[in-house]
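Below is one structure, written out as structure tokens, with a few remarks after it.
Scope of the values below: all heavy atoms of this structure, side chains included, with no hydrogens, waters or symmetry mates. Residue indices begin at 1 and follow the sequence shown. Quick caveat: nothing in here was measured; it's all calculated off a predicted structure.
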Amino acid sequence: MNDSRASSRLPVAWRAAVQVAPGRIVPAKVINFSASGIQMQCAVMLREKQSYQMMMEVPSQRDASNRTRVVFTASCVYTILSGSEYRSGMKAQDYPPEHRELLQSWGG
């Protein structure tokens, strides 16, 4: 199977959180990571074309117990129901420059 994406996906299992409304943050799980964005699962349906404040815990390549909380903004490209949760494709808009090296080590 050939993946025609501009950036290849890396399957991961990272904890995350999404601010769906002011004062309302829901847990999520990043299941795919790439240079252009992420695919994640959460219990709430996100709206396409809307931007969300997010956080994901990215482990170090050398020591998986060493995790960095990366806070960024992402816009929802799509949301589909998958079992009892929603899968959303998110296009990252502003990864902090101080985390660039860590994200690049994962292909981002």
Using atom types as modelled, flag every donor-acceptor pair under 3.5 Å from a side chain in residues 48-58 to any protein atom, sequence neighbours excluded.
unit_1	atom_1	unit_2	atom_2	d
Gln50	OE1	Arg47	NE	3.2
Gln50	OE1	Arg47	NH2	3.1
Ser51	OG	Gln93	NE2	3.4
Tyr52	OH	Arg47	N	2.8
Gln53	OE1	Thr73	OG1	3.4
Glu57	OE1	Arg15	NE	3.0
Glu57	OE1	Arg15	NH2	3.0
Glu57	OE2	Arg15	NH2	3.1
Glu57	OE2	Arg69	NE	3.2
Glu57	OE2	Arg69	NH2	3.4

Residues forming a side-chain contact (heavy atoms from CB on, under 4.5 Å) with Arg24, sequence neighbours excluded | Val20, Ala21, Val26, Val44
How far does CD1 of Ile38 sit from CZ of Arg9, to the nearest 0.5 angstrom?
-> 11.0 Å
Under a single-linkage rule joining Ile, Leu, Val, Met, Phe, Trp and Tyr whose side-chain heavy atoms are separated by less than 4.5 Å, which residues share a cluster with Ile31?
-> none
Which pairs pass salt bridge (Lys or Arg N to Asp or Glu O under 4.0 Å) with one or both residues in residues 80-92, sequence neighbours excluded?
-> none
Linking I/L/V/M/F/W/Y whenever any side-chain heavy atoms sit under 4.5 Å apart, do Tyr86 and Val12 land together?
-> no
Could you please spell out the steps behind the side chain to side chain contact (heavy atoms under 4.5 Å, CB included) verdict for Met40 and Lys29?
-> CA-CA 5 Å; Met40 60 172 222; Lys29 179 181 177 182; over 6 Å; no
Would you please name every residue forming a side chain to side chain donor-acceptor pair (under 3.5 Å) with Asn66, sequence neighbours left out?
-> none
What residues form a side-chain contact (heavy atoms from CB on, under 4.5 Å) with Glu101, not counting sequence neighbours?
-> none
Determine the minimum heavy-atom distance between Ala92 and Ala74, stating which atoms define it.
-> CA-CB, 4.1 Å
Got Leu46 and Met90 here, is their nearest side-chain heavy-atom distance under 4.5 Å?
-> yes
Gap between atom CH2 of Trp106 and atom OG of Ser34 - 0.5 Å precision | 14.0 Å
Rounding to 0.5 Å, atoms CG (Leu103) and OG1 (Thr68) come to a distance of 9.0 Å
Quick one: which residue pairs count as a salt bridge (Lys or Arg N to Asp or Glu O under 4.0 Å) with a foot in residues 32-44, not counting sequence neighbours?
-> none
Measure the spacing between OG of Ser105 and CZ of Arg100 and express it to the nearest 0.5 Å.
-> 13.5 Å
List, by chain and then residue number, the residues other than Ile25 in its hydrophobic cluster (Ile/Leu/Val/Met/Phe/Trp/Tyr, side-chain heavy atoms under 4.5 Å); write none if there are no others.
-> none
For Thr79 and Ser88, the nearest pair of non-hydrogen atoms, with its separation, is OG1-OG, 3.2 Å
What is the ring orientation for Trp14 with Phe33, classed by angle as parallel under 30°, tilted 30 to 60°, or perpendicular over 60°?
-> tilted
What pairs with Tyr95 under ring pair (Phe, Tyr, Trp, His ring centres under 6.0 Å), at least two apart in sequence or on another chain?
-> Phe72
Rounded to the nearest 0.5 Å, the CG atom of Leu10 sits from the CG atom of Asn32 at a distance of 8.0 Å
With sequence neighbours left out, what residues match Ser84 under side chain to side chain donor-acceptor pair (under 3.5 Å)?
-> none
Begin with the C-alpha distance, continue with both residues' side-chain angles, and end with the deciding distance and a verdict on side chain to side chain contact (heavy atoms under 4.5 Å, CB included) for Met45 and Leu81.
-> CA-CA 8 Å; Met45 184 175 89; Leu81 184 61; over 6 Å; no
